[in-house]
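Throughout, a chain's letter reflects where its sequence line sits, starting with A, and its residues are numbered from 1. Since the structure is predicted, the reported quantities are computational estimates derived from the model, not experimental observations.
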Amino acid sequence: MSRRLLIVTSLVFAFSVSSAQSSDWPMWRCDHHRSASTPEQLAEKLYLQWQVNFSPREPVWDDPLNQNLMQFDRIFEPVVADNKLFLGFNDRDKVVAFDLVTGDELWHYYADGPVRLPLAYNRGILYFTGDDGFCYALEAKSGTLVWKSSLAPAPDRLLGNKRLISMWPARGGIVVKDDIIYTAASIFPLMGTYIYALNAADGSAIWKNEATGSNYILQPHRSPAFADVAPQGPFAITGNVLLVAGGRSVPAAFDLNTGEELYYQLAPSGKTGGAFTTCNDKVFFNHHRERVVHMYSSGTGDRLRASAGEYPVIDGDTVYFSGKHITAAITLPDSSLKSLWSVNIRATTDLIKAGNTLFAADSTGISAVTLKPGSEPELTWRYDSDRIIERLVAANGKLVAVTSDGSVMVFGDRPAEEVAMHDKKVVRIKGNSKAARKILNTAAVSEGYAVVFGSDVKLLEGLVVNSMLSIVAYIDDAAKINLLREYFDERDIEAQRLSFLPYYPSEIRLPKYFSSLTVIAEDYGYDDDFLKMLYESVRPYGGRIITPGKGKVADLFARLELTGSRSVDEKGLLTITRPGALEGAGSWTHNYGDIENTVKSDDRLVKAPLGILWFGGNSNMDVLPRHGHGPGEQVIDGRLIIEGVNSISARDVYTGRVLWKRESQKLMDDSWMVFYDDTYDEEHPLDPKYNQVHLPGANARGTNFIATGEYVYLIEGNKCILLDMETGNPVREFSTGDDDTKELGYIGVWENMLILGNNFTEYTGLENDSIRIKNPKFTDYDHTASHELIVMNRFTGEKLWSMESNFGFIHNSVIAGDGILFCLDKLPQYLETKLRRRGEPIPEGSRLLYVDIATGRILREQTEDVFGTWLGYSSGHKLLLQATRPSRDMLNGEEGNRMIAYNIDSGKEIWDRAVRYSNPPIIHNDRIYTNGEAFSLLTGDQILERDPLTGEELKWNFKREYGCGIVAASEHLLTFRSASAGFMNLETFEGTASLGGWKPGCSTNLIAADGVLNSPDYTRTCQCPYQNQTSLALIHMPWMSYWTNSNYRWNGKRIKQMGINFNAPGDRRADNDVMWFEYPFVSGLNPEIKVSIDTAEYFSIRKEPYSVSSQSTPWISSSAAGGIRTLEITLSEEEDITDAVYSVNLYFSELQDKKEGDRLCDVAIQNRKVLGNFDIVKEAGACNKEVVKSFKGIKAGRTLRIELTPLRGNTLISGVEIIEESLVSTR
Amino acid sequence: MNILFIRILALAGLFGLACTTKVSEWVLLNTAPEEYQLVCYHTSQASESMRQQNENIAAELKNANIKFRTAVRENEKSPWYELSYKNIPFARFSNAGELKGLSSSPVREKIADEIMAGKLCVMVFLKSGDEAKDKPRLNILRKTVATSPFRSVITLTELERNDTDELHFISMLLNVEDDLKDLNEPMLFGVFGRFRALEPLAGRGITGENIGLMVDFLTADCSCLIKDDLPGASILFTNKWENPMPAMVNRIFDEDPSLLHH
């Protein structure tokens, strides 16, 4: 070490060793900086005092990358204060306090959901958040609840990470400073996010930011969507900035005093981020990969230094990096980092600083390194361990060590006479309840999720022991809940198997469709609405409610009309079954929805607005790499079938639960160079390299499996394996009977028939000059067509007929409908185009075939106008559509430039259009949708819409931001990736909406089927820091909000109707057809509507629409502009404009904490006073409640002018709606 | 159906595209050229003169759509250079002298000037050297362009196959498709945007109809497909794509809206 560095070290030492008194370690990594540095000096030699052993923690997320990016609950994270050690349990939903000296358990407290984030202590109070959406404050000495505050806006629950938790789980890891605690709820921006500063004494809100969730910002790939930070992980405070952990991303910064968002460098940060953040007041370090951190400026969030080191300890300006060596550095005034020294001591799992000592942990034990002024750091103590120590804490004279397998060890300054081992004593559970067996036998349900209303211990034991159900029991006696929790905790039953929640009927809002078995064992005094809600929460396709056959509950059910239910009263039990599919639900099979290639599900239930039904609970490790574009998922009868590299599995669409999984080496061999190639690196999922290059995959090849109600038909080499849909077990195997069959190509199912392609066509053999190809992956036409088609009975395997091709039956064109098999037998489009460019004739033999699917008889063979690679069929209109299949990641030459529609009855061409398009053409009733455009299926004409402002004709279109994967349709929506997940609402013309907060697949994975928008995580190998990387499902939630980018630009003609939505995140169309634009214009294309305002002391407010009471437009009244004095809207830029008569509706809601009389104003429209002494609170009767004031007969020509004159306080207005009265009268 | 009729019908469909900027203009304004790679292979005992030479090469290529790097291979007898496009090598040079004019040449300069001046495209007619093949196709090209309503915004350039000043350019054109080098036919490349060359018409494929389709493509409204999957290949050229003149083709459409694709 150089002399200069020794001096610096000495100075650092002098500042850092300021105290040797006992200190607490009151929050994760000690303090609000998350510094992992305490002034307390521990003894030079330390001795194990006691140890407590639990099971290893199961982290919240399911795959290696997420587990690395969000490590907050992978091990115990102790907090120590006042000679107590506190632990949170994610598997028992509790917090436990131990005597730091003896290890005796002092108290424990059960929450209503998993406790996943680290705890925090301040002035005798212990704070924590739970997945139940609450923030808890407990008296640290007794565990008595001091206060409990809901961070979630409502008590609604969903399935999240396999648990019944709040729709807005509180995963903002509490940080405390100056008696204020900072935390948050909700991890999905589309559901709204709620970030808080709470008074530590009573939990009252000092500020609450619910405005950012829907911010229109650049996502990774620098493409915008309505999705800001998703709080998840321990928060930190740097200077006057609150760093809100963004789960998988870099943190977002908020003003500590006001809660205003300062920056969120989601897109600029690139492929980095994670929940770990540590800081001083100038810079912060945030997770990159493994334990490596980048260094950022606290002021701007700009990256100052990439890969600065491994998880560091921060001690003022000095930074000690962990790793294979401990390295010290100092942050200089210019925020650069200067290395000081390095010592060859391993700190590969944790590093902390206590006084003048660094404690380092690795897989061999703990090392203490003493920093002495003017000399080399010195190893002064060592504890060897054969267990991996992952966390160290130093406080109250003790060193606490946490192991990866669930133990906590405490070291003190004197040898213990006997090391106290606190192993949990497990009481054996009994399971001999006859009642439980009878229920399980009657229900014939043994897996999935269950709800029980009843507190009978024997019954609950019996249900747990005799099934694999994950049970939530509602208890109507508060005193009993704790006893039951204790009872089952002592018997080692994890909360995931059995958890208890209080029965407060008004606060029970169960997710739909999730319960396979609901047992109403006790009568808590239910009403009709509650029982209807319970029935809605039962899983379709056989979910059951079971209750005693006699009694009030049975009587109530007897008179309830429960759609589609079936009741059986037998052996003293009433069983209400929810059989079959949901009414209005559709399926999605084959690669494009059905054998007709419509690219559409008939599902009518999935529509806007949408909210999350469940998330998590399965892993993307069972899915093909995203850029290989493997076959999309298929959904039928409540099951989602998805393919992995060497597996195929089934998941429950209503819970995400994995139902079965079949592994197959043969499948892996078949998929090689088709769905993945040598760029795929299975061994290193955390390597941020570009893992798996783009391939055409199933875009060109088509699927290799078909899901049906009975079987999954799966191609393995030259065999078709039939997997039982219930179990995934192979039950039959079909072959072609042809000894020359090397591989099966095409696969499809129509009614009772299975269509197989016998061997792939080798197109390269058709070219005499054996074309050398510039990118083999996108010119491999040899996996796009089958040489022969074979049709067989799909239940018996009996071969019905076969037909050989002239060239090849192109897979994307083999479809069936109304008893006819349609197909194209031709060259790939690229080769035909190339021949044309070179003046060469296209070989004879190309044909479009109509074949009787039952007999193989050719009904029609067309040789004229045979082009493209795609056929789609509308059975409703008896129309066949011939086209190509243009999209990203498709073979060269698949340009979309022509479509032909044929009437299959007459065989006549209905229309032939040269249109440029991308996306496989979606046949949606009488329309064709492509990527951004729409055409009439019946005429080929462009679909027009009414200009939402002027009423003139306008082409129907939408703008899609970045994203590979195709657009898919259902009855009400087009779904696609547009930066985040996105959709177009087909019910109205309003633009592209976001479903912000996770990354949808690069391979298409937003499929509406079975009443659910299914989004299985198809992003395996993706390193982009989208807020969440998980499977999830959404359903229609009428009360949810969403925002669109209308991509609209006004043409200057007279505006007939319009809404201006002050400070809203984006656009929306109201039920009365009025298009509302946010103002100021912040999302997407500026509509160039001329709005001018004069203001004084302007301010803006935005809340989540859920927070505002309104009959139908909370999304208007949940935001507002304050300080507007005059507002002028240009209604027309035309010459010689005459006055029109408008109705003007002004929307107000008091969004600040005001009382009646606090805010008064006069309002004038077109210089005429229309409101005097207007008081929002008085009119509404409350804050956060909408008031709409309507004024008719307002004449306006070129402009409309509104004046707001404050009489007391400042002005506040949420929205202005103008509707020409001629339109009103015609409605 | 007659292909010309289809073309007329096409216009109706094209009207509906979400983006009304023409393909040629959109690509020029928005699409960065794809990069070439040049690698100098040498032993670890690289001479000072070679290092200096490579520094000069790097400086010369600094503003072009190319990445230059060196790679050590111990068994190389002498340094050599390999040029790749989309990671596939297609040209090899035994010394730095052979790299002269790699990123620029007179014809490429002229083509870029025309594009930057607002032209729709430059049609590069690459002769086969066989007069009997070249002449009739050149006549068809001239006649087709002369009768096109877009003639004023299309520039024709003829290029001899053995033009020594343009060897690199010709090599890149013949790499647009991998079997072009062996094709002893005249070829017509549509060049547009930031030096994007479309897959060529060749030999008897140089017809009025096919030339018309090429013009149709360039004058069509830009679609998402174009943004997703741009046909052709980028040609190596020194960056000079700042501040292009407005696209002249828009003036033609303004004057004669009947030409719009609807």
**Item:** Reported CG-to-CZ distance for the pair B/Asn210 and A/Arg836, which is rounded to 0.5 angstrom
**Value:** 7.0 Å

**Request:** Under 4.5 Å heavy-atom distance to chain A, tell me which part of B/Leu183 shows up: side chain, backbone, both or neither.
**Result:** side chain

**Item:** Basic-acidic side-chain contact under 4.0 Å: B/Glu177, A/Arg838
**Value:** yes

**Asked** Sub-3.5 Å donor-acceptor pair from the side chain of A/Arg837 to the main-chain atoms of B/Gly205, do we have one?
**Response** no

**Item:** Criterion side chain to side chain contact (heavy atoms under 4.5 Å, CB included) on B/Glu199 and A/Lys834, from CA distance to verdict
**Value:** CA-CA 9 Å; B/Glu199 286 90 350; A/Lys834 186 168 185 174; over 6 Å; no

